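Quick note on labels: first sequence line is chain A, next is B, and so on, each numbered from 1. The structure presented is a predicted model; accordingly, all values stated were derived computationally and were not measured.
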There are 2 protein chains.
Amino acid sequence: MSDHPTIAVVEDEPAIAAAVATRLRAEGFNVHIAVDGPSGVALVEQLQPDLVVLDLMLPGFDGIEVCRRIQSDRHVPVIMLTARGNESDLVLGLGAGADDYITKPFSPRALVARIHAVLRRAHAAPGSGRLRHRGVELDTSGRTGTHDGVAVHLTVTEFDLAAWFLRHPGVVFTREQLLQSVWGYPDGSGERTVDSHIQAVRRKLGPDFVRTVHGVGYGLGQ
Amino acid sequence: MSDHPTIAVVEDEPAIAAAVATRLRAEGFNVHIAVDGPSGVALVEQLQPDLVVLDLMLPGFDGIEVCRRIQSDRHVPVIMLTARGNESDLVLGLGAGADDYITKPFSPRALVARIHAVLRRAHAAPGSGRLRHRGVELDTSGRTGTHDGVAVHLTVTEFDLAAWFLRHPGVVFTREQLLQSVWGYPDGSGERTVDSHIQAVRRKLGPDFVRTVHGVGYGLGQ
DNA sequence: TCCTTCTTTGATCAATCTGTGAACTTGGTT
DNA sequence: AACCAAGTTCACAGATTGATCAAAGAAGGA
């Protein structure tokens, strides 16, 4: 992974989903897709993306419901896709916590523009650039880190891995989940890879920064 | 979650399924139906409903099997429909992970009451990942536990066992049922295994956390 | 292209957990 | 009270899982 923001697309029409995904990937975003409400919620909860692109009309339950569930714990920027310029849909969508909307049919270009706008706004928000925990501090805009006040050099993977833990305190992830969410790998990749980078992170940020849960995986140290 | 919970009904008799669905829809639930075991599992996986109403006798494979598969990844509240007031059916159903049961013939009114009761219970800790009972608290996302405020280390098996009891308060399970539901073993494994882990759990979470029912098995302490 | 740095992977060793039997204790019954 | 069945405790061998390391492979810059 990288500084490329992660985006979850929740859209039941495969053609639109694929088109959007392709375009966004070309823009350098990290894109994941869900095709209905429930799996959308699950995806967002698991992935913790930087932004969600959400169809208003979905099987399972609709986009507004998804939006509400997503926002329950903490704010994730949401852009709604609405079929028509229906004002009431729109108000509902924004009321549910969407940050912006775009009406179908839309040009990919327009969507990308909105995404950048929303991300810029979200990033301007306070606390976006710094992650702290114990003696560790990461600056996500500069991708630098310090341990007990001492600057440490972190490689891209190490930084993303550490940042992932800092963004999900208290949660334990399996190696496979980490490979999917931090690396973006489909699955089946070598699990030793995770171990190696955990080792590197521990060496640089302190042995207790990451906690091992035997038989399960890793989580942020308590 | 919306004020309209989604319910999956798995029932092979069309008359019963229709009657139940009608009544539940009248109550404002969002109802989906499957008519046999395999499609029931598929429905639940796809729909991720708030609750499942499950017939014990089904074509394909029976309700217990469905229940087990459903619960494999995460807990979904289940209410079992049993044809007769057969005690062994009942225990088995609860052993497989059902939250409540109701014997046919039942009044729609009774079913609705149970559904509300189960949903209330389930919502007490809505996905927050926290299970509480007396001085014990488990965090299912971090797989950590505390006893009277003191953090305790639980191994994977111990944690799963304790969590199982917390998710099924008031229900007593035989050792074999525990081996099947917590361990996932087919059957016939050593019953001392359960005892050993019960012992470990008691040592860590207090001797009264698990209650022994002589000649039957174990349940959450009252 | 070559060189440097980072990532991935397999092998090996160490730590931890699990399952099991035997001895011992408790509870229920006659 | 004596007896039998059931539950508890304990220790340890075997199995799993994690840590560490070295080296090959990939990516990127000079």
Side-chain angles (χ1 to χ4, degrees), chain A residues 1-4 28 30 143-145 152-165 172-221, chain B residues 143-145 152-165 172-221:
Chain A
M1 176 150 336
S2 52
D3 27 345
H4 299 164
N30 214 318
R143 301 188 70 81
T144 58
V152 291
H153 169 74
L154 295 168
T155 70
V156 184
T157 309
E158 288 157 13
F159 186 93
D160 288 339
L161 183 58
W164 178 263
F165 285 124
V172 173
F173 300 92
T174 65
R175 291 177 175 75
E176 188 163 347
Q177 287 173 332
L178 290 170
L179 282 169
Q180 289 191 9
S181 45
V182 179
W183 275 260
Y185 288 0
D187 59 4
S189 288
E191 310 222 310
R192 274 337 93 196
T193 298
V194 178
D195 296 31
S196 287
H197 289 277
I198 290 280
Q199 181 192 18
V201 167
R202 280 184 171 144
R203 190 170 51 238
K204 295 177 179 179
L205 299 179
D208 296 330
F209 178 74
V210 182
R211 165 173 65 110
T212 299
V213 180
H214 197 103
V216 183
Y218 301 98
L220 186 66
Chain B
R143 300 190 74 85
T144 57
V152 291
H153 170 75
L154 295 168
T155 70
V156 187
T157 310
E158 289 157 12
F159 187 93
D160 289 341
L161 184 59
W164 178 262
F165 285 123
V172 174
F173 302 92
T174 66
R175 291 177 175 73
E176 189 163 347
Q177 288 172 338
L178 290 171
L179 281 170
Q180 290 191 5
S181 45
V182 179
W183 275 258
Y185 287 1
D187 59 5
S189 287
E191 310 222 311
R192 270 342 89 198
T193 298
V194 178
D195 298 27
S196 286
H197 289 277
I198 291 280
Q199 179 197 16
V201 167
R202 281 181 170 146
R203 188 172 53 238
K204 295 178 179 179
L205 300 180
D208 297 330
F209 178 75
V210 182
R211 166 173 62 111
T212 300
V213 179
H214 198 99
V216 183
Y218 301 99
L220 186 67

* B/Arg211 has an atom CZ; how far is it from atom P of D/dA6, in whole Å? -> 19 Å
* **Which atom of B/Phe159 lies closest to which atom of B/Thr144, heavy atoms considered** => CE1-O, 3.6 Å
* **Non-hydrogen side-chain atoms of B/Arg192 and B/Asp195 separated by less than 4.5 Å** => yes
* In the 5'-to-3' direction, what one-character label does each nucleotide of nucleotides 19-29 of chain D receive under the scheme B = base within less than 4.0 Å of a protein heavy atom, S = sugar-phosphate only, - = no such atom? -> BBB--------
* To do: Send over the distance from B/Glu191 CD to D/dT8 C1', rounded to a whole Å.
  => 15 Å
* Structure fact -> Correct closest heavy-atom pair for A/Gly190 and A/Leu179 would be O-CD1, 3.8 Å
Please list, one pair per line, the donor and acceptor atoms closer than 3.5 Å that link side chains of residues 207-218 of chain B to other protein atoms, with sequence neighbours excluded.
{"unit_1": "B/Arg211", "atom_1": "NE", "unit_2": "B/Leu220", "atom_2": "O", "d": "3.4"}
{"unit_1": "B/Thr212", "atom_1": "OG1", "unit_2": "B/Arg202", "atom_2": "NH2", "d": "2.5"}
{"unit_1": "B/Tyr218", "atom_1": "OH", "unit_2": "B/Arg175", "atom_2": "NH2", "d": "3.1"}

* **With B/Val182 via side-chain contact (heavy atoms from CB on, under 4.5 Å) - residues at least two apart** => B/Asp160, B/Leu161, B/Trp164, B/Leu178
* Quick one: side-chain contact (heavy atoms from CB on, under 4.5 Å) partners of B/Glu158, sequence neighbours excluded? -> B/Leu154, B/Thr155, B/His197, B/Ala200, B/Val201, B/Lys204
* Structure fact -> To the nearest angstrom, the CG-C1' distance between A/Asp160 and C/dT7 comes to 13 Å
Polar atom pairs between nucleotides 15-18 of chain C and protein, under 3.5 Å, N or O only, would you list them?
{"unit_1": "C/dC17", "atom_1": "OP1", "unit_2": "B/His153", "atom_2": "NE2", "d": "3.0"}
{"unit_1": "C/dT18", "atom_1": "OP1", "unit_2": "B/Thr157", "atom_2": "N", "d": "3.2"}
{"unit_1": "C/dT18", "atom_1": "OP1", "unit_2": "B/Thr157", "atom_2": "OG1", "d": "2.3"}
{"unit_1": "C/dT18", "atom_1": "OP2", "unit_2": "B/Thr155", "atom_2": "OG1", "d": "2.9"}

* **Side-chain heavy-atom pair A/Glu176, A/Val194 within 4.5 angstrom cut-off** => no
